[in-house]
Each structure stands twice: as C-alpha cells, then as structure tokens.
Undergrad: 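One structure, pasted below without further comment.
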Amino acid sequence: MEDATDAQPVVKKRRNKQRVLLLSSRGITHRMRHLMNDLEALLPQVKKDSKLDSKSQLQLLPELADLNNCNNALYFEARRHEDLYMWAAKTPNGPSIKLHVQNVHTMDELKMTGNCLKGSRGILSFDKSFDETEWGRLVKEVFTHIFGVPPGARRAKPFIDHVLTFSLLDNKIWFRNYQIIEKDPAQPNGPPQTSMVEIGPRFVMTPIRIFEGAFGGATVFSNPEFVSPAAVRSALRREQGQKYRVRKTAQAERSTRREDRRLEEDEFATRKVFG
C-alpha cells in the first residue's frame, strides 16, 4: 500500500486575474468616446464605469477600482475639449503612467478591411527599444498587465486572431492593431499564407510622467522634452500677436515718412487758386 507521505503535492495553477477599470472625465468629445468604445471592444476584461466629476480628485480612482474588483485602471482625462490625457495605473499601489494621446483615429474613421472576433484574445508585440531604458521596461510591464487579455476572462473567446503592437519612435508610443489572416482572400482554397491587415484604432501616446503610486506619489520618470499643447497654442498666439504688432508699427512708420516727405503747398497752387 502506498504511503500517504509519498503522494505528490497538488500544485495549484496560478491564474491571471487582470481586470481593468475604464472610465473618463467629463468634457470628452465624440472622438475620445469612440476611442474608449474601441478599447472596450478589444479588451474583454474591461469594466466600464461612469464619468468622474472632478479632475482634481484622482485619489478616488483606486477606491473605484477596488469597488469594481479591478487591479488596473485606464482613465481618460479631457482638457479644454481638445486635449486628451490617459492614465494607465496599477491599483492600489502603483505605479501609474500619465500620457498625452494624439493623432486618434477610431475604427469607424479608418474604414479598414480587417476584422476580428469581439472578445478574442490578442498577441502583444513590443518594440525592442522598450528594453533599452528603465522607463521603457516599466511601461512595457504595465501595458502587458492592462492590454493582455487573461485566458480566463469573463467575456474572452478562446481565439487569438489579432496583434496589438506598441512601437517606440521619437520617444512616442505608437499603437496599432492588426488582424491575423491565415489564408489569402483572393485564393480561399489555396495553401495557408499568413498575413496581417490593420483593423484600428490607432493613436500615439507621449509619456509625460511615471509616478510611484497609483495616480500620484513620487516621480519615477519625467519627460524633459514634453511641451503641453496649451503652451504650444499660447506660443503660436504670441507669435501671431508679434506679427500683428510688427505690421502695425511698419504701417505707422510709413505714414510718418509720407507726411515728412510731403511739401507744403504754395499759396498760389492751382488747387487753391481755382478751387
């Protein structure tokens, strides 16, 4: 009879329980809202919440994530109805990444020929440049937890038919989504031929700061090259105002020179004699 002490211990398989809370601030535009809907369709582990009223109370987000049983958060913050910022955070202990989102193109705008099953899992592809810097490795780890669909997600399908790519160029993160096609559409009965077709959405993210905690704390990384879009618009307005002032000064100088060159009329001038 086999001794009970010789029995092999039961090893429990570790489950990937990554859940993401997705919400936004008030004041988002239709394009920002469509981008959130596209991300919700791509990530079946996402739980969407209502809009956050106050932009200054970001410390409420870890509590909201805990109430929704989520350990990740994606928060879209809109400013002046034209600037979009995205917070990607691990809750409740951090870290958190603040990014500026630009060049947003949703699925409806692109009209791409690719398509993927809703709720299917995607392959994450990161540029090798992420491994060259410490902040790049940290961003890669956080994005892996947020955008990687767990096998046991509630609404996930047991299929892998698209690739989410993150490319690092000019200190900006470029997001693309591609469908995996195993057969040539022109030859459906031909041999297997793997190809990729872009689906969308697509957007570009500029890292601003990385914080140690969730939506706050000590600064781990700060991008010295980032200039806020409000500062760019202010500089453009100042440049336009300077051009206007230079033009008006030149007009005043021309009028002064014209007056100086004008000779005084003689009292016997034709206009005065026959006027």
Undergrad: Between Ser120 and Lys157, does the side chain to side chain donor-acceptor pair (under 3.5 Å) criterion hold? Intermediate values first, please.
TA: CA-CA 5 Å; Ser120 62; Lys157 305 294 191 303; over 6 Å; no

Undergrad: Can you list the other members of the hydrophobic cluster that holds Met196, where links are side-chain heavy atoms under 4.5 angstrom apart?
TA: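 Once heavy-atom contacts under 4.5 Å are chained together, Met196 belongs with Ile123, Ile160, Val163, Tyr178, Ile180.
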
Undergrad: Looking only at side-chain N and O atoms, does Asn71 offer a donor or acceptor that is under 3.5 Å from a partner on Thr91?
TA: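 Looking only at side-chain atoms, Asn71 and Thr91 do not form any donor-acceptor pair under 3.5 Å.
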
Undergrad: Hey, does Val20 have a side-chain heavy atom less than 4.5 Å from the side chain of Lys47?
TA: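 Sidechains of Val20 and Lys47: no contact.
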
Undergrad: Do the side chain of Ser96 and the main chain of Phe215 share a donor and acceptor less than 3.5 angstrom apart?
TA: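 Such a contact is found between Ser96 side chain and Phe215 backbone.
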
Undergrad: Report yes if some heavy atom in the side chain of Arg176 is under 4.5 Å from a heavy atom in the side chain of Ser167; otherwise report no.
TA: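 With C-beta onward as the side chain, the pair stays apart.
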
Undergrad: Name the one of Phe203, Trp174, Phe126, Phe130 that satisfies ring pair (Phe, Tyr, Trp, His ring centres under 6.0 Å) with Phe166?
TA: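 Answer to the ring pair (Phe, Tyr, Trp, His ring centres under 6.0 Å) test with Phe166 among Phe203, Trp174, Phe126, Phe130: Phe126.
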
Undergrad: Got a sec: does the CD of Glu212 have more than 12 other heavy atoms crowding it under 6.0 Å?
TA: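 Counting other residues, nucleotides and ligands, CD of Glu212 stays at 12 neighbours or fewer.
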
Undergrad: Taking the side chain as everything from C-beta on, heavy atoms only, tell me whether Asp127 gets closer than 4.5 Å to Thr165.
TA: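 SC-SC contact between Asp127 and Thr165 ruled out.
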
Undergrad: Run the side-chain hydrogen bond (donor to acceptor under 3.5 Å, both in side chains) test against Glu198 and tell me which residues pass, sequence neighbours left out.
TA: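 side-chain hydrogen bond (donor to acceptor under 3.5 Å, both in side chains) list for Glu198, sorted by chain: Arg202.
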
Undergrad: Give a yes or no on whether Glu182 atom CD has more than 12 heavy-atom contacts from other residues, nucleotides or ligands under 6.0 Å away.
TA: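 At most 12 heavy atoms, drawn from other residues, nucleotides or ligands, come within 6.0 Å of this atom.
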
Undergrad: For Lys51, check side-chain hydrogen bond (donor to acceptor under 3.5 Å, both in side chains) against everything at least two apart and list the hits.
TA: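 Scan of Lys51 (side-chain hydrogen bond (donor to acceptor under 3.5 Å, both in side chains), adjacent residues dropped) gives none.
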
Undergrad: Count the heavy atoms of every other residue, nucleotide or ligand shown that sit under 6.0 Å from CD of Glu134, and state whether that count exceeds 12.
TA: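 No, because the 6.0 Å sphere around CD of Glu134 holds 12 heavy atoms or fewer from other groups.
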
Undergrad: Distance-only criterion, 3.5 Å: show the donor-acceptor pairs between side-chain atoms of residues 136-152 and protein atoms not counting sequence neighbours.
TA:
| residue | atom | partner | partner atom | Å |
| --- | --- | --- | --- | --- |
| Arg137 | NH1 | Asp131 | O | 2.8 |
| Lys140 | NZ | Asp131 | OD1 | 3.4 |
| Glu141 | OE2 | His145 | NE2 | 2.9 |
| Thr144 | OG1 | Lys140 | O | 2.6 |
| His145 | ND1 | Lys90 | NZ | 3.1 |

Undergrad: Through direct or indirect side-chain contacts below 4.5 angstrom among Ile, Leu, Val, Met, Phe, Trp and Tyr, which residues connect to Ile208?
TA: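 Tyr85, Phe226, all in the cluster of Ile208.
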
Undergrad: Do the side chains of Pro207 and Trp135 get nearer than 4.5 Å, heavy atoms only?
TA: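 In short, these two side chains touch, coming nearer than 4.5 Å.
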
Undergrad: Quick one: does Thr29's side chain get under 4.5 Å of Glu82's, heavy atoms only?
TA: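 Not in contact.
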
Undergrad: Which atom pairs, one a donor and one an acceptor, fall under 3.5 Å between side chains of residues 32-42 and the rest of the protein, sequence neighbours left out?
TA:
| residue | atom | partner | partner atom | Å |
| --- | --- | --- | --- | --- |
| Asn37 | OD1 | Lys48 | NZ | 2.8 |
| Asn37 | ND2 | Arg33 | O | 3.3 |
| Asp38 | OD2 | Met107 | N | 3.0 |

Undergrad: Measuring from atom CG of Leu164 to atom CG of Leu124, what distance do you get when rounded to the nearest 0.5 angstrom?
TA: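 The CG atom of Leu124 is 5.5 Å from CG of Leu164, to the nearest 0.5 Å.
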
